[in-house]
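These notes are about the structure you will find just below.
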Amino acid sequence: EVQRIAGAAPSEPAPITRPRLPRAGVEGTVPVVNVETLSHLEELGSSAGFIEKLIGVYLADNATLVVKMETAVAAQAFQEFRGFLHALKGSSASMGTDRLTRLCTNLGTMNDGDLRLQTPALVRSLTQELAAARSELERYITERQRSAG
């Protein structure tokens with residue numbers, strides 16, 4: 001607008017580029033929870049309440065991990081963040097929370113500069129994905145109890 005008023009020829013604005021947070025995948029291609037993995041875990045259990053207890057421990061441990069990750073990225077302690085991320089990825093893979101596992105894998109490839117720039121978005125993504133996993137795991141337990149009762 002200033003160029004138009006001043007009579008100067010408009011120039012193309014320089015594009016604003018920002019590193020993008022790696023996506024967990026296209027919605028629908030990676031399930032939040034892999035029911036087959038949960039079924040295999042259930043087969044390993046020695047009691048009826050095994051899977052419920054396992055899910056409870058998983059959710060509590062990973063909620064704590066996400067808080068530690070938030071602290072690490074706030075302090076720009078990215079190596080510590082990656083250690084927590086690796087732990088979250090491992091437990092998520094074992095539990096069958098596939099989208100969270102994929103997100104952790106993608107975040108693990110980011111360099112320190114990208115992590116620094118994307119801190120709020122990546123913490124939000126982890127928190128949202130863990131919440132989605134919690135919801136699906138709780139739904140799995142509810143449906144399982146309904147079909148058993």
Side-chain angles (χ1 to χ4, degrees), residues 10-149:
S11 62
E12 283 294 312
I16 298 172
T17 58
R18 292 184 200 133
R20 294 200 179 263
L21 185 64
R23 291 177 44 130
V26 177
E27 292 290 327
T29 60
V30 177
V32 174
V33 172
N34 185 324
V35 178
E36 185 176 344
T37 301
L38 288 176
S39 296
H40 290 305
L41 289 171
E42 208 163 353
E43 291 171 8
L44 295 174
S46 58
S47 68
F50 171 76
I51 195 70
E52 288 92 347
K53 186 174 182 176
L54 184 64
I55 288 171
V57 169
Y58 165 81
L59 292 172
D61 287 352
N62 287 323
T64 301
L65 266 178
V66 169
V67 170
K68 289 179 179 181
M69 293 166 82
E70 289 173 338
T71 303
V73 293
Q76 296 189 3
F78 298 120
Q79 197 60 32
E80 188 175 342
F81 168 79
R82 285 187 183 90
F84 295 136
L85 186 66
H86 184 73
L88 179 61
K89 178 179 141 184
S91 66
S92 294
S94 297
M95 186 56 67
T97 52
D98 290 354
R99 267 196 358 210
L100 184 55
T101 303
R102 171 78 59 89
L103 177 61
C104 291
T105 299
N106 290 341
L107 293 177
T109 66
M110 294 178 74
N111 64 38
D112 288 358
D114 288 344
L115 288 174
R116 189 174 297 107
L117 290 171
Q118 296 293 326
T119 296
L122 69 90
V123 170
R124 188 172 40 256
S125 294
L126 286 166
T127 302
Q128 289 171 344
E129 205 53 57
L130 185 57
R134 173 184 295 280
S135 176
E136 287 297 308
L137 290 169
E138 289 172 349
R139 188 173 63 76
Y140 176 84
I141 290 171
T142 300
E143 288 177 7
R144 186 183 161 280
Q145 290 169 343
R146 213 176 284 154
S147 68

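The analysis underlying the following values was restricted to heavy atoms, covering all of them including side chains, and did not include hydrogens, waters or symmetry mates.
Interatomic distance, R99 CZ to N34 CG, rounded to the nearest 0.5 Å: 13.0 Å. Note: N62 CG to M69 CE = 9.0 Å, rounded to the nearest 0.5 Å. For the atom pair L41 CG and I55 CD1, the distance stands at 8.5 Å (nearest 0.5 Å). With values rounded to the nearest 0.5 angstrom, T97 atom OG1 is found 3.0 Å from Y58 atom OH. Separation of atoms CD (E129) and OG (S92) is listed at 9.0 Å; rounding is to 0.5 Å. With rounding to the nearest 0.5 angstrom, the CG atom of L54 is 9.0 Å from the CG atom of L44.
The nearest pair of heavy atoms linking A93 to T37 is O-CG2, 4.4 Å. Considering all non-hydrogen atoms of both residues, N106 and T109 come closest at O-OG1, 2.7 Å. Across every non-hydrogen atom of C104 and L126, the tightest pair is SG-CD2, 4.2 Å. Nearest heavy-atom pair, I51 versus Y140, reported as atom, atom and distance to 0.1 Å: CG1-CE2, 4.3 Å. Here the closest heavy-atom approach between residue L65 and residue A87 is recorded as CD1-CB, 3.9 Å.
Applying the salt bridge (Lys or Arg N to Asp or Glu O under 4.0 Å) test to residues at least two apart or on different chains, the pairs with a partner in residues 72-98 are R82-D112.
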- request: Apply the test side-chain contact (heavy atoms from CB on, under 4.5 Å) to residues L137 and L38: give CA-CA distance (whole Å), side-chain angles for both, the deciding distance (0.1 Å), then the verdict.
  value: CA-CA 9 Å; L137 290 169; L38 288 176; 3.8 Å; yes
message: With salt bridge (Lys or Arg N to Asp or Glu O under 4.0 Å) as the criterion, how do R146 and E143 come out once you've worked through the C-alpha distance, each side chain's angles and the decisive distance to 0.1 Å?
response: CA-CA 5 Å; R146 213 176 284 154; E143 288 177 7; 5.7 Å; no
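The shortest distance between side-chain heavy atoms of M110 and F78 does not fall below 4.5 Å.
Under the side chain to side chain contact (heavy atoms under 4.5 Å, CB included) rule, F81 has a single partner from T119, T71, L115, which is L115.
Side chains of D61 and S91: a donor-acceptor N/O pair is absent below 3.5 angstrom, by distance only.
Of the possible polar contacts, none joining the S135 side chain to the A131 backbone as a donor-acceptor pair under 3.5 Å is found.
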